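Remember, predicted model here, so these are calculated numbers, not experimental data. Proteins come first, then strands; the chains are lettered A, B, ... in the order of their sequence lines, and each starts at number 1.
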Protein chains: 2
Amino acid sequence: MAQTPTTPVRLKDIARDLNVSVMTVSKVVRNCADVGAETRSRVMARIKELNYQPNWVARSLAARRTFIIGLIVPDLMHSFFAEIAKGVSATIRPLGYDMVICNSEENSENEASEVDRLLARQVDGLLIASAQQPGETELFSRIDARGVPFVLIDRRFSESSAPYVGADDEAIGRMATKHLLDRGCRRIAHIAGPQLAPGSGRLKGYRETLAAAGIKLPDACVEHAKDDDTGYEAASRLLKLTPRPDAIFGYNDPTAAGAMKAILEAGIKIPEEIKVIGVGNVHYSDLLRVPLSTIDQSSASIGEQAADILIKSIGGKRRRTVKPVLIDPVLIARESTR
Amino acid sequence: MAQTPTTPVRLKDIARDLNVSVMTVSKVVRNCADVGAETRSRVMARIKELNYQPNWVARSLAARRTFIIGLIVPDLMHSFFAEIAKGVSATIRPLGYDMVICNSEENSENEASEVDRLLARQVDGLLIASAQQPGETELFSRIDARGVPFVLIDRRFSESSAPYVGADDEAIGRMATKHLLDRGCRRIAHIAGPQLAPGSGRLKGYRETLAAAGIKLPDACVEHAKDDDTGYEAASRLLKLTPRPDAIFGYNDPTAAGAMKAILEAGIKIPEEIKVIGVGNVHYSDLLRVPLSTIDQSSASIGEQAADILIKSIGGKRRRTVKPVLIDPVLIARESTR
DNA sequence: CTGAAAGCGCTAACAC
DNA sequence: GTGTTAGCGCTTTCAG
């Protein structure tokens, strides 16, 4: 069991055994073309035999490339970010990259120090769902100055020229609201999220759609949730309005689920008396007493596409400005808006 | 914005500027004691001025330590593992470690290749929620042979002498079952999970507790869920038994939530006619139509303690065998077992 | 096709 | 206290 640690095999060892130079072995390992067929197979044989594994730290230092990319998210527990992480990982792994994940805890200073750590580790690129204040792009300039490519995800900063990949939040807002209109609702309340890109985009889409339909609602029809857990209270307040809303659009699923809870507790029927829709298609939406209609934002796809753009700009020249990628939302209609 | 990439400052640059040796600067950076007070402050000043950041790749190569630990989980989307990851991260970050996360997709070969990658990256240690077949410990021996410390989490392999940290699954099974007994239930059905450590531990605890209470139930009272999403079907089958169960214990929350859905759809009342309990305390348990009672397994704490043991065995000598750490479960009683 | 020379940026060990 | 000598294990560059 606990045998004495084995010193890993090095290029040098193989070279010595075979009476060739370290260079030759290195070339075989990296699949360079300019190696004689016979030499190559002798080397390959020995490599298998000794189960040689390149030391990536040494390789990274010499090649000035780590094949590591950094991912910074505000909170891994949020299934949205976990799914992005999964999408990123699935995209980069086959290309030989690994990913180090950092949590900023939704705090801009943590984020900055994570960025510094990652840069010190010489990551080849960065993916950031940023917790910087809107408009605050000093951190991004710093990364730029280092010449390390990065892609912003989920939270957009139009002041930075960095590529951006995220859900199309305005489209989400429009889609949810339109769906509710199509179902015959007219007094559509909204529980809005924090004033970051996603929350305000969805709110904007909601307002536009109502306006386009010629519907005017009192300001009280929009509640603001600080937090994922405040859907319940927000909905409780909305239920006291007269006339009562006939629909509630929650800026994400937890909020909408909280709203559903408040509604059902008040003895009001979903979807007959109030329809409810959320955003995110979290995996339990379907398990709620009334399965929750939702807008799917294809989180995995956000991770995949962001990773894709990043990888390309790593290999490539100075990055040409990439147009923001807005992922199209998909409506998942379930019982709560039947 | 897109200014030309700046070459990072090196120890050498500072040394040259100040007419001291690279070593001296290195010592200041690492806070070694043996540096003159004045020299030190001159160096420090220049470090700030130039915003010097050590190159961790070079440092890792020279010091033969990366301060990176690898975490391998079957699925990041599972909030249980995401929470573990968060706990790990929170524990190691302040100590200067970073974490690279790999997904095995619940596949033993993926896991093995991830382990190899991580070893090639010279990680200082490994945390593994393993997808190896029960009893299959060849992979672990390989890691041992390399002398890299690792800690097993969630899935236990008693054949390996590696430290283990996980929930106390038998205690979980006992606690859930006992709670149901205390509530007056007698025909307690169980939806069991896959035959890995957690699933079978919970099943065992369930059986023991029933036996201790002198209750004998037909085999049909235990259904097996392949998958998190099969709670619904499993419960549907259980509901057809006569006499009908008066309680269902799901091996995790998604399963229990699926069961709740089936029960409510059948027009049966929770908790009056059937009580339901799950495991995991996922964050939405509370949002279900009937808030779900559950056993909390303190996932973050699993990550923290595992990371703790790992870090200690990195610094330390050959590891002394560590007793398995079983985290005590906590009962969260909600409406579904009132 | 093969290999020698020259590092990558940093640290360990030991002199001075 | 400070600096020297040697690398860590690999790749780049460029001769042969």
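With DNA chain C read from its 5' end, the first of the two nearest nucleotides for B:Val9 and A:Val35 is the one closest to A:Val35. For B:Arg64 and B:Ser21, each mapped to the nucleotide of DNA chain D holding its nearest heavy atom, the one lying further toward the 5' end belongs to B:Ser21. Between B:Ala63 and B:Thr24, the residue anchored closer to the 5' end of DNA chain D is B:Thr24, taking for each the nucleotide with the nearest heavy atom.
At the heavy-atom level, B:Asp34 lies under 4.0 Å from base atoms of the strands shown. When heavy atoms are screened at a 4.0 angstrom cut-off, A:Val57 is found touching no nucleic acid atom at all. Within 4.0 Å (heavy atoms only), B:Val20 reaches sugar-phosphate atoms of the nucleic acid but no base atom.
The interatomic distance linking A:Arg121 (CZ) with C:dG9 (C1') rounds to 15 Å, in whole Å. In this entry the distance linking NZ of A:Lys27 with C1' of C:dG3 reads 7 Å, nearest Å. The distance from atom CE of A:Met23 to atom P of C:dA6 is 16 Å, rounded to the nearest whole Å. Atom-to-atom, CG of B:Asp13 to P of C:dC8 comes out at 11 Å; the value is rounded to the nearest Å. At whole-Å resolution of the value, CZ in B:Arg30 and P in C:dA13 are 11 Å apart. A:Gln122 places its CD atom 10 Å from the C1' atom of C:dC8, with the value rounded to the nearest Å. Protein atom CD1 of A:Ile14 is 17 Å distant from nucleotide atom C1' of C:dT2, rounded to whole Å.
Distances shown here put every side-chain N or O of B:Arg59 at or beyond 4.0 Å from the OP1 or OP2 atom of C:dG9. OP1 or OP2 of C:dG9 lies within a sub-4.0 Å distance of a side-chain N or O belonging to B:Arg10. Taking 4.0 angstrom as the limit, A:Thr39 places a side-chain polar atom (N or O) nearer than this to OP1 or OP2 of C:dT2.
Between A:Ile302 and the choices A:Val325, A:Leu326, A:Val165, the side chain to side chain contact (heavy atoms under 4.5 Å, CB included) rule is met once, by A:Val165. For the side chain to side chain contact (heavy atoms under 4.5 Å, CB included) test with A:Met99, the passing option among A:Ile68, A:Ile92, A:Val123, A:Leu127 is A:Ile92; the others fail.
Residues A:Ser108 and A:Gln133 bring no donor and acceptor atom of their side chains to less than 3.5 Å of each other.
Here the side chains of B:Val29 and B:Arg59 are in contact, with some heavy-atom distance below 4.5 Å.
In 5' to 3' order, the nucleotides of DNA chain D bounding all contacts with chain A (an atom under 4.0 Å from a heavy atom) are D:dG9 to D:dT12.
Between A:Arg155 and A:Glu106, at least one side-chain N (NZ, or NE/NH1/NH2) sits under 4.0 Å from a carboxylate O, which counts as a salt bridge.
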Distance-only check: which donor-acceptor pairs under 3.5 Å involve side-chain atoms of residues 79-91 of chain B, not counting sequence neighbours?
| from | atom 1 | to | atom 2 | distance (Å) |
| --- | --- | --- | --- | --- |
| B:Lys86 | NZ | A:Asp75 | OD1 | 3.3 |
| B:Thr91 | OG1 | B:Gly87 | O | 2.8 |

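In terms of the ring-ring contact (aromatic ring centres under 6.0 Å, His included) criterion, residue partners of B:Phe67 (sequence neighbours excluded) are, by chain and number, B:Trp56, B:Tyr97.
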